[in-house]
Amino acid sequence: MWREFFALLKKDFKLMLSGRFFLLMTGSLILYSCYINFIYAGLDQNIYPVYLYDPLCVHNETSSELIKVESSEELQAQTGDGYAVGIDVSGKTPDISMISSGISSIDQYRAAYAMSLLSSKNHTAAEIIGTDNREMKSRREITCELLFFELAAVGFLGIASVLFKEKQMGIIRVHGVLPVGKTVFILSKLLLFLICDLVFSLLLTVINLGVSEGFAVLPYILLQTGILSLIMALTGFSCAILLRDFKQFSLLYLVLAIFITTPVFLAGQTGTARGWINYHPMYHLFMAMKNAYRGIPSENGIYYAICGLTIVLLSGLVRRTLIREMAKEG
Amino acid sequence: MIDVKDLVFSYQKQKETLHGLTFSVADGEIFGFLGPNGSGKSTTQKILTGILRGYNGEVHLFEKPLECQQKDFREKTGVLFELPYLYTNLSPLDNLNYFAGFYPAKRCRNIHELLEMLEFKKDFLKKPVSSCSKGMRQRVSMARALLNNPDLLFLDEPTSGLDPQGAVLFRNIIEKERKKGTTIFLTTHNMTDADLLCDRVAFIADGEIRVIDSPKNLKEKNSSHLTEITYLYKGKRNTALIETPELKAGIPFPYDEIVSIHSGEPTLEDIFIHYTGRGLS
């Protein structure tokens with residue numbers, strides 16, 4: 001069995017090489033790492049500018065971050081950008097003036113922050129303990145998102161492109177008369193793509209989180225990568241065999257990449273989750289990956305049981321479709 | 001070698017493709033399976049090669065039921081598909097080395113010798129298959145079928161896509177295989193191949209075998225036993241039909257010159273039409 005398995009592995013590796021799969025993976029790794037290190041990690045939003053109108057000079061011991069204005073008209077003009085906050089203390093009680101962000105909780109934070117600058121001359125900053133600072137949080141979030149996208153969309157496309165090539169050449173039918181089992185044929189492809197995905201996630205994590213931070217969370221990430229990689233590779237495998245041509249597959253790919261992963265990213269990143277997202281299978285895979293990047297392993301047994309069952313069911317489907325493809329007319 | 005009894009197969013419920021085929025192929029025999037498109041030839045070959053399951057009836061290969069066959073069955077059989085089906089981005093050598101990886105080393109033939117026997121152009125050995133002509137691809141495909149030195153060889157239209165010289169070469173190779181003791185199941189449209197190579201042929205139409213016999217017997221059985229003689233007599237050209245046994249005593253009419261003598265023996269295609277009521281195309 002091993003001789004046949006290695007013959008298949010060698011051939012699949014050659015097909016992936018000729019299909020420039022490794023070039024695509026390396027390109028993605030470089031592009032993602034450049035984006036994370038040179039753009040995303042440096043992104044920060046300045047804190048809200050706060051303007052104070054205090055004609056009677058009641059508040060003398062305010063924070064140096066407060067910007068004083070001379071008239072209420074000037075205060076209105078400065079807060080008209082929808083971001084700045086104004087405090088008018090010309091009356092008995094301070095009035096907050098700002099354009100609403102549209103989310104009441106954010107408006108509350110802005111108002112509370114502005115009022116806090118009134119009460120203290122020396123505004124203290126929160127102390128960051130350890131290396132898990134704002135930049136590291138950003139790195140974890142974006143690395144997780146990019147890895148999830150790479151595995152869900154690009155990995156799915158990778159295995160399908162290899163299979164479509166074999167299907168077009170009619171070579172899958174030849175394997176039906178060779179002394180090699182269908183399971184071995186499927187396993188060789190899965191193993192190769194799994195190894196590629198694991199290596200990719202290892203490199204992406206270590207390059208963008210750093211060696212110590214990266215290796216600390218790596219076991220959890222590799223586990224989630226393995227699960228997602230197998231599910232996506234098996235889905236790609238069955239779709240490539242079931243669908244007639246690459247045009248049909250491209251349409252499905254578009255649906256998968258945009259309409260399935262987009263709500264998952266939105267719900268997972270912006271906190272605007274709705275109840276229905278809990279029924280979205282990709283959401284749970286994404287959240288498990290996100291937790292893995294925070295170093296929190298998923299301890300939910302049901303999650304692993306459903307993942308395992310999905311992999312088994314998809315393997316059965318792949319085997320069935322493969323047998324059907326082998327028996328097709330030439 | 002092959003024993004098939006009451007073989008029934010349906011792709012869809014209520015629509016039978018094969019209606020109870022019964023035939024057997026002896027060890028070392030070349031058995032021709034002839035029929036028009038859609039007659040059930042390919043379905044039968046797919047069942048025999050183990051690709052298609054869900055059939056009814058009995059199929060024995062190497063004196064064992066097909067459903068009980070193990071991996072060694074595939075090691076002992078070779079299949080040539082109608083189309084070459086090769087990795088077009090790999091070279092012929094890489095293709096054959098890859099397929100050789102599935103067979104035990106003791107069964108494998110030398111790839112270079114095989115390609116030389118098939119008169120494969122050496123310049124193309126290491127070039128991608130996509131750069132090879134149809135005939136060259138068919139040669140690589142034939143090399144793949146012979147790679148494991150099979151005891152049972154399934155050939156589907158072996159000479160299609162070959163020039164006349166290539167077709168003669170393939171027929172010689174098939175003959176050589178038979179001399180070695182290989183059993184050959186030949187599926188073809190080509191009556192010349194069937195006539196020249198097969199010990200016996202089966203005519204299949206609409207999922208039924210209409211007749212099985214040797215090409216020689218079939219011709220004899222369906223012959224009119226008449227001989228057509230064209231001759232010149234007193235400056236005139238005449239044609240006469242004579243019962244062939246009558247010729248034993250010589251030509252029974254006066255003539256000055258014999259122009260041609262044709263036996264009334266039918267071609268294999270004529271016999272096919274006679275039994276199936278339709279042509280092969």
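Chain identifiers are assigned alphabetically (A, B, ...) following the order of the sequence lines, protein sequences preceding nucleic acid strands; residue numbering begins at 1 within each chain.
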(message) So for atom NZ, which belongs to B/Lys64, do other residues, nucleotides or ligands contribute more than 12 heavy atoms lying within a distance under 6.0 Å?
(response) yes
(request) Name all pairs fulfilling the ring pair (Phe, Tyr, Trp, His ring centres under 6.0 Å) condition that reach into residues 120-157 of chain B, sequence neighbours left out, sorted by first residue then second. (result) B/Phe154-B/Phe185
(message) Can you tell me which portion of B/Phe81 sits under 4.5 Å from chain A's heavy atoms? Options are side chain, backbone, both or neither.
(response) side chain
(message) Looking at B/Lys76, I want to see if its NZ is surrounded by more than 12 non-hydrogen atoms of other residues, nucleotides or ligands under 6.0 Å.
(response) yes
(request) Report the option among A/Gly176, A/Ala7, A/Pro179 that has the most heavy-atom pairs separated by less than 4.5 Å from atoms of chain B. (result) A/Pro179
(request) Measure A/Glu166 against the heavy atoms of chain B and call it side chain, backbone, both or neither at under 4.5 Å. (result) side chain
(request) Taking ring-ring contact (aromatic ring centres under 6.0 Å, His included) as the test, write out the residues that go with B/Phe73, two or more places apart. (result) none
(message) Using heavy-atom distances under 4.5 Å, tell me whether B/Glu75 contacts chain A through its side chain, its backbone, both, or neither.
(response) both
(request) Among residues two or more places apart or on two chains, list those pairs meeting salt bridge (charged side-chain N to carboxylate O under 4.0 Å, His left out) that have a residue in residues 130-144 of chain B. (result) none
(message) Counting only heavy atoms from other residues, nucleotides and ligands, does the tally under 6.0 Å from NZ of B/Lys122 exceed 12?
(response) no
(message) Is A/Ile172 close to chain B through its backbone or its side chain, or both, or neither, when contacts mean heavy atoms under 4.5 Å?
(response) neither
(message) Angle between ring planes, B/Tyr98 versus A/His175, binned at 30° and 60°: parallel, tilted or perpendicular?
(response) tilted
(message) At under 4.5 Å between heavy atoms, what parts of residues 102-113 of chain B are in contact with chain A? List them by residue number.
(response) B/Phe102, B/Tyr103, B/Pro104
(request) Inspect the surroundings of CD1 in A/Ile39 and state if more than 12 heavy atoms from other residues, nucleotides or ligands are less than 6.0 Å away. (result) yes
(request) Sort B/Asp94 into side chain, backbone, both or neither according to what part of it lies under 4.5 angstrom from a heavy atom of chain A. (result) side chain
(request) For atom CD of B/Glu67, decide whether the heavy atoms of other residues, nucleotides or ligands shown that lie under 6.0 angstrom number more than 12. (result) yes
(message) Checking A/Met169 against B/Asn89 for the side chain to side chain contact (heavy atoms under 4.5 Å, CB included) test, could you report, in this order, the C-alpha distance in whole Å, the side-chain angles of both residues, the deciding distance, and whether it holds?
(response) CA-CA 10 Å; A/Met169 292 188 272; B/Asn89 54 328; 4.1 Å; yes
(request) Output the option from B/Thr49, B/Leu52, B/Thr88, B/Asp72 having the highest count of non-hydrogen pairs under 4.5 Å with chain A. (result) B/Thr88
(message) Looking at chain B, which one of A/Ile323, A/Leu178, A/Val180 has the largest number of heavy-atom pairs inside 4.5 Å, strictly under?
(response) A/Leu178
